[in-house]
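Index from 1, following the sequence.
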Amino acid sequence: MTESRGERSGPFRIGDRVQLTGPKGRLHTITLEPGKVFHSHKGGIAHDAIIGLPDGSVVANEAGIEHLALRPLLSDFVMSMPRGAAIVYPKDAAQILAQADVFPGATVVEAGVGSGALSLWLLRAVGPQGRLYSFERREEFAEVARGNVATFHGHDPENWSITLGDLVEALPQTVAEASVDRVVLDMLAPWECIDEVSRALKPGGVVLCYVATATQLSRVAEAIRATGDYTEPQANETMVRGWHVQGLAVRPDHRMVAHTGFLITARRLAPGTVLPELKRRPAKTEFSAEDVEAWTPGALGERTVSDKSLRKRVRLADASAAKSRGGGDPATGDAGAGDARAGGTETPGSAG
C-alpha cells in the first residue's frame, strides 16, 4: 500500500504539506519543493530551509520574523481545502466514526461524497485493509472530492472508489447483498434509499444518516421504523464550545460551533427478526399528506453552487492533486490549490 503523505511523521520531506503560522496567528499552507520560496508581504522563507527540520520547528523569514512549521492535521486540511459542496465538520465526523463504530478493515458505503471531507475520515478509520465505496450524483462534486483526497494522500487510494449516479440504482450494482458493515448517508432525502441500504447491510451493521433539519430527522426516523429491519433509531446533535484559558481569566469563548446537523443511527436486524415492542407513552405519530409535502427536497430549500464557482473549485482541487502527486507543471507555475504568487505561496488556511 502506497504511503500517505497526509499521515507522515518525522522530519519534513519534499512533497510534504506544511502549515506556517505567523506571529499574529495567520496560517499559510505550502507544499515543499526544492528551490521554491514562500513569499509574504513581510519576507520570504526558502522551502529548502524547512526540508529536513523536525515537525514542530520554528523557522525565520528573511526579515527575521519567526513562523511555526507543522504538518497540518486532517481537521486543518478539511477546513481549508476547496469545496464543491458543504463539508462535514470535524466535530460531526468524529461522532460519525464513533456512533457508526467504523473500524479498521470495515466495508463502508458513503453517499453523497460532497467535497470529500468525510471520505478522508472514513478512509483513515477503515485503514488499508478496509474498503470505502462512495456515491455521488454530481460529477463536479466527485471531481472536487477526488482532487482533495489525492492532495491529502499524495495518490489515489487503492481501497476507495466513487460511483456516479443515484444510490438507489447504483448500490445494488456495486456491492453484494449483506456485504457492507456500515452505511453513512449524507444527503437531502436519505429515506428514499433505506430499502436498498437494508439489502446491502450485514445483520448487525449500522446505518447512520446526517441531516440538517428537524423535519428531515423525523422523516428518516419514520422510514427506518417502517421497514421493520432495524433497531429503534437513536438521534442526537453535537455542539462544541471552546474556552479561553489564560491565568485566572477562564471563561467560555464568545463564539461556538453550535448546530451543524443531526445524526441518526440504527442497526440492521437479522432477516425475519421482529423487534420487541417498546413500552412508551402515547404520542402523536400520525402525519398527513401535507406534512409529507413539507419534507420534500424542494420544500426544504436545497442550496446550490453556481456552475462558474463550481468549475473554479474543480480546477483548484485538480491543480492541488497534481502537485501532491508530483505532477505540477513547472512551466506554468500551476503548483497547487490556492497558489496566489510565484514560489509556491498558497492562500491562508482556516484555523480549523
Side-chain angles (χ1 to χ4, degrees), residues 95-113 118-119 121-123 125-127 129-137 159-211 215-236 261-283 285-287 292 295 297:
Q95 289 297 315
I96 288 170
L97 297 183
Q99 294 183 32
D101 191 38
V102 182
F103 57 89
T107 298
V108 178
V109 165
E110 170 202 20
V113 71
L118 183 58
S119 303
W121 290 106
L122 291 171
L123 283 167
V126 301
Q129 303 305 317
R131 177 75 188 181
L132 176 61
Y133 296 94
S134 297
F135 294 82
E136 177 55 56
R137 289 182 176 180
N159 59 339
W160 180 53
S161 64
I162 300 181
T163 301
L164 288 174
D166 189 274
L167 185 67
V168 172
E169 300 174 357
L171 185 60
Q173 301 173 6
T174 306
V175 302
E177 290 190 13
S179 65
V180 176
D181 297 297
R182 306 289 185 260
V183 175
V184 180
L185 302 179
D186 176 14
M187 53 175 58
L188 194 63
W191 52 85
E192 296 175 352
C193 310
I194 294 299
D195 290 339
E196 286 67 29
V197 168
S198 298
R199 285 188 280 272
L201 271 174
K202 298 176 181 178
V206 178
V207 59
L208 183 147
C209 301
Y210 179 66
V211 294
T215 49
Q216 288 173 294
L217 180 66
S218 176
R219 181 69 185 273
V220 72
E222 294 305 322
I224 290 172
R225 290 190 182 103
T227 65
D229 293 333
Y230 294 92
T231 59
E232 180 66 14
Q234 304 293 318
N236 61 78
F262 297 103
L263 301 182
I264 179 169
T265 60
R267 299 193 66 181
R268 180 72 164 93
L269 299 172
T273 298
V274 177
L275 191 67
E277 185 175 354
L278 294 177
K279 293 183 179 180
R280 59 179 67 186
R281 293 181 178 180
T285 58
E286 302 298 328
F287 50 88
V292 173
W295 288 330

### Message
Going by side-chain contact (heavy atoms from CB on, under 4.5 Å), Val211 matches just one of Asp186, Leu188, Leu263, Leu217. Which one?
### Response
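One option only clears the test, and that one is Leu217.
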With sequence neighbours excluded, tell me which residues meet side chain to side chain donor-acceptor pair (under 3.5 Å) with [X].
| X | value |
| --- | --- |
| Ser198 | Tyr230 |
| Arg267 | none |
| Trp160 | Ser134 |

Taking the side chain as C-beta and beyond, is there a heavy-atom pair between [X] and [Y] under 4.5 Å?
| X | Y | answer |
| --- | --- | --- |
| Tyr133 | Val175 | yes |
| Glu110 | Ser119 | yes |
| Leu201 | Val109 | no |

Between the side chain of [X] and the main-chain N/O of [Y], is any donor-acceptor distance below 3.5 Å?
| X | Y | answer |
| --- | --- | --- |
| Asn159 | Gly127 | yes |
| Thr227 | Ile224 | yes |
| Thr174 | Ala170 | yes |
| Asp181 | Thr107 | yes |
| Glu136 | Val113 | yes |

Can you measure from [atom1] ([X]) to [atom2] ([Y]) and round to the nearest 0.5 angstrom?
| X | Y | atom1 | atom2 | result |
| --- | --- | --- | --- | --- |
| Arg219 | Ile264 | CZ | CD1 | 13.0 Å |
| Trp121 | Ile96 | CH2 | CD1 | 11.0 Å |
| Arg268 | Asp229 | CZ | CG | 4.0 Å |

### Message
Under the salt bridge (Lys or Arg N to Asp or Glu O under 4.0 Å) definition, can you give me all pairs with a residue in residues 159-178, not counting sequence neighbours?
### Response
Arg137-Asp166
Do you know the tightest heavy-atom contact between [X] and [Y]?
| X | Y | value |
| --- | --- | --- |
| Lys202 | Ser179 | CE-O, 3.5 Å |
| Pro233 | Ala266 | CA-CB, 4.2 Å |
| Cys193 | Met187 | SG-SD, 3.7 Å |

### Query
Under the ring-ring contact (aromatic ring centres under 6.0 Å, His included) test, which residues partner Phe262, sequence neighbours left out?
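Testing Phe262 for ring-ring contact (aromatic ring centres under 6.0 Å, His included), a comparison that skips the adjacent residues, returns His259.
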### Task
Quick one: do Leu275 and Leu269 satisfy side chain to side chain contact (heavy atoms under 4.5 Å, CB included)? Show the steps, please.
CA-CA 8 Å; Leu275 191 67; Leu269 299 172; 4.1 Å; yes
### Task
Take Val183 and Val206, measure what side chain to side chain contact (heavy atoms under 4.5 Å, CB included) needs, and give me the verdict at the end.
CA-CA 6 Å; Val183 175; Val206 178; over 6 Å; no
### Message
Walk me through whether Leu171 and Phe135 qualify under side chain to side chain contact (heavy atoms under 4.5 Å, CB included).
### Response
CA-CA 8 Å; Leu171 185 60; Phe135 294 82; 3.9 Å; yes
Side chains of residues 98-106: which donor-acceptor pairs under 3.5 Å do they make with residues two or more places apart or in other chains?
| from | atom 1 | to | atom 2 | distance (Å) |
| --- | --- | --- | --- | --- |
| Gln99 | OE1 | Asn236 | ND2 | 2.9 |
| Gln99 | NE2 | Gln95 | OE1 | 3.0 |
| Gln99 | NE2 | Asn236 | OD1 | 3.1 |
| Asp101 | OD2 | Arg182 | NH2 | 3.3 |

### Task
Please test Ser161 against Arg131 for side chain to side chain contact (heavy atoms under 4.5 Å, CB included), starting from the C-alpha separation and ending with a verdict.
CA-CA 9 Å; Ser161 64; Arg131 177 75 188 181; 3.4 Å; yes
